[in-house]
Amino acid sequence: ATDWNIWYTYTLTSIDNKAFMNNTTLTSITLAETIEHIGAYAFYGCTSLSEIEFPASVESIGAYAFWGCSGIDEVYIPETVEQISYSAFGESVETFYCQAQSMPSSWDSGWNSFYANNILWNFISYYEQDGLKFILHTDLSAQLIEYNEELENIILPSEITYNSNTYRLKSIDNNFF
């Protein structure tokens with residue numbers, strides 16, 4: 001008799017519809033760098049979920065995918081996300097950090113269920129230097145948002161270097177000082 005061993009390698013590219021729906025014990029998830037699509041209702045009602053990180057491979061997020069995930073305070077959405085369906089983040093996220101310059105036309109207008117969430121467009125990262133906290137934007141500008149109140153002297157840099165890029169200080173938040 002012939003002994004046949006056949007091995008297949010599969011790459012995970014999608015989280016199917018309702019995959020983790022109403023899983024109240026799930027607290028965080030790290031998605032594989034190969035995930036391109038998150039299905040409708042995939043994490044719906046995961047009330048203990050407090051952390052989700054989207055890799056740059058994610059292209060679409062289905063309807064109600066994270067609806068009711070009330071433990072999530074903030075989400076970073078890479079510019080590779082081409083489509084977000086209706087109410088994908090309904091009744092969940094407080095603050096969105098989006099790499100896109102503005103809401104892509106391919107995103108449903110109710111992607112966050114029309115909630116008045118904090119949405120920061122054009123976002124790369126936070127950066128701290130000498131007691132000052134900045135938001136770095138995709139257009140290579142920087143925005144000063146916080147400072148250590150114990151500082152006696154504040155020196156505002158005109159430029160910030162981060163990950164081999166130079167960001168120019170463009171704005172200081174209203175009522176900052």
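Below, all heavy atoms of this structure are taken into account, side chains as well, without hydrogens, waters or symmetry copies.
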Quiz prompt | Residue pairs involving residues 52-70 (criterion salt bridge (Lys or Arg N to Asp or Glu O under 4.0 Å); sequence neighbours excluded) | solution =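 Applying salt bridge (Lys or Arg N to Asp or Glu O under 4.0 Å) to every pair that reaches into residues 52-70, excluding sequence neighbours, yields nothing.
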Is it true that [X] and [Y] have ring centroids separated by less than 6.0 Å?
X	Y	result
Phe66	Phe54	yes
Phe89	Phe96	yes
Trp111	Trp67	no

What is the distance from atom [atom1] of [X] to atom [atom2] of [Y], rounded to the nearest 0.5 Å?
X	Y	atom1	atom2	result
Leu132	Leu151	CG	CG	6.5 Å
Cys98	Glu79	SG	CD	11.0 Å
Ser60	Ile38	OG	CD1	8.0 Å
Glu146	Glu128	CD	CD	7.5 Å
Asn148	Lys133	CG	NZ	12.5 Å
Ile135	Tyr97	CD1	OH	6.5 Å

Quiz item: Transitively linked via ILVMFWY side-chain contacts under 4.5 Å: Ile155 with Leu169?
Solution: no
Test item: [X] side-chain N/O and [Y] main-chain N/O as donor-acceptor pair under 3.5 Å:
X	Y	answer
Ser48	Thr27	no
Thr80	Val58	yes
Thr34	Leu12	yes

Is there a side-chain contact between [X] and [Y] (heavy atoms, below 4.5 Å)?
X	Y	value
Val75	Ile52	yes
Glu94	Glu74	no
Ile77	Trp107	yes
Ser141	Arg168	no
Phe43	Leu26	yes
Asp139	Lys170	yes
Leu156	Ile172	yes
Ser57	Leu31	no

Quiz prompt | Side-chain H-bond candidate by donor/acceptor type, Glu149 with Tyr147, under 3.5 Å | solution = no
Quiz item: Just checking, any donor-acceptor pair under 3.5 angstrom between side chains of Thr25 and Asn23?
Solution: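 Yes, because at least one side-chain N or O of Thr25 sits under 3.5 Å from a partner of the opposite role on Asn23.
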Exercise. Measure across Gly62 and Ser85 and return the closest heavy-atom pair with its distance rounded to 0.1 Å.
Key: C-CB, 3.7 Å
Quiz prompt | Worked verdict on Ile160 versus Thr166 for side chain to side chain contact (heavy atoms under 4.5 Å, CB included) | solution = CA-CA 6 Å; Ile160 297 166; Thr166 301; over 6 Å; no
Quiz item: Is the number of heavy atoms from other residues, nucleotides or ligands under 6.0 Å of Glu51 CD greater than 12?
Solution: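 It does not: Glu51 CD has 12 such atoms or fewer within range.
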Quiz item: Is there a side chain to side chain contact (heavy atoms under 4.5 Å, CB included) between Cys46 and Cys69 once you walk through the steps?
Solution: CA-CA 5 Å; Cys46 293; Cys69 296; 4.0 Å; yes
Quiz item: Given Gln129 and Tyr127, is the side chain to side chain donor-acceptor pair (under 3.5 Å) satisfied, shown in steps?
Solution: CA-CA 7 Å; Gln129 171 183 303; Tyr127 179 77; 3.3 Å; yes
Practice problem: Taking ring-ring contact (aromatic ring centres under 6.0 Å, His included) as the test, write out the residues that go with Tyr41, two or more places apart. | Solution: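 Result, ring-ring contact (aromatic ring centres under 6.0 Å, His included) vs Tyr41: Tyr44, Tyr64.
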Quiz item: Under the ring-ring contact (aromatic ring centres under 6.0 Å, His included) test, which residues partner Tyr167, sequence neighbours left out?
Solution: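 Testing Tyr167 for ring-ring contact (aromatic ring centres under 6.0 Å, His included), a comparison that skips the adjacent residues, returns none.
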Exercise. Dump the intermediate steps for side chain to side chain contact (heavy atoms under 4.5 Å, CB included) on Ile35 and Ile15, then the final yes or no.
Key: CA-CA 7 Å; Ile35 296 293; Ile15 305 290; 4.0 Å; yes
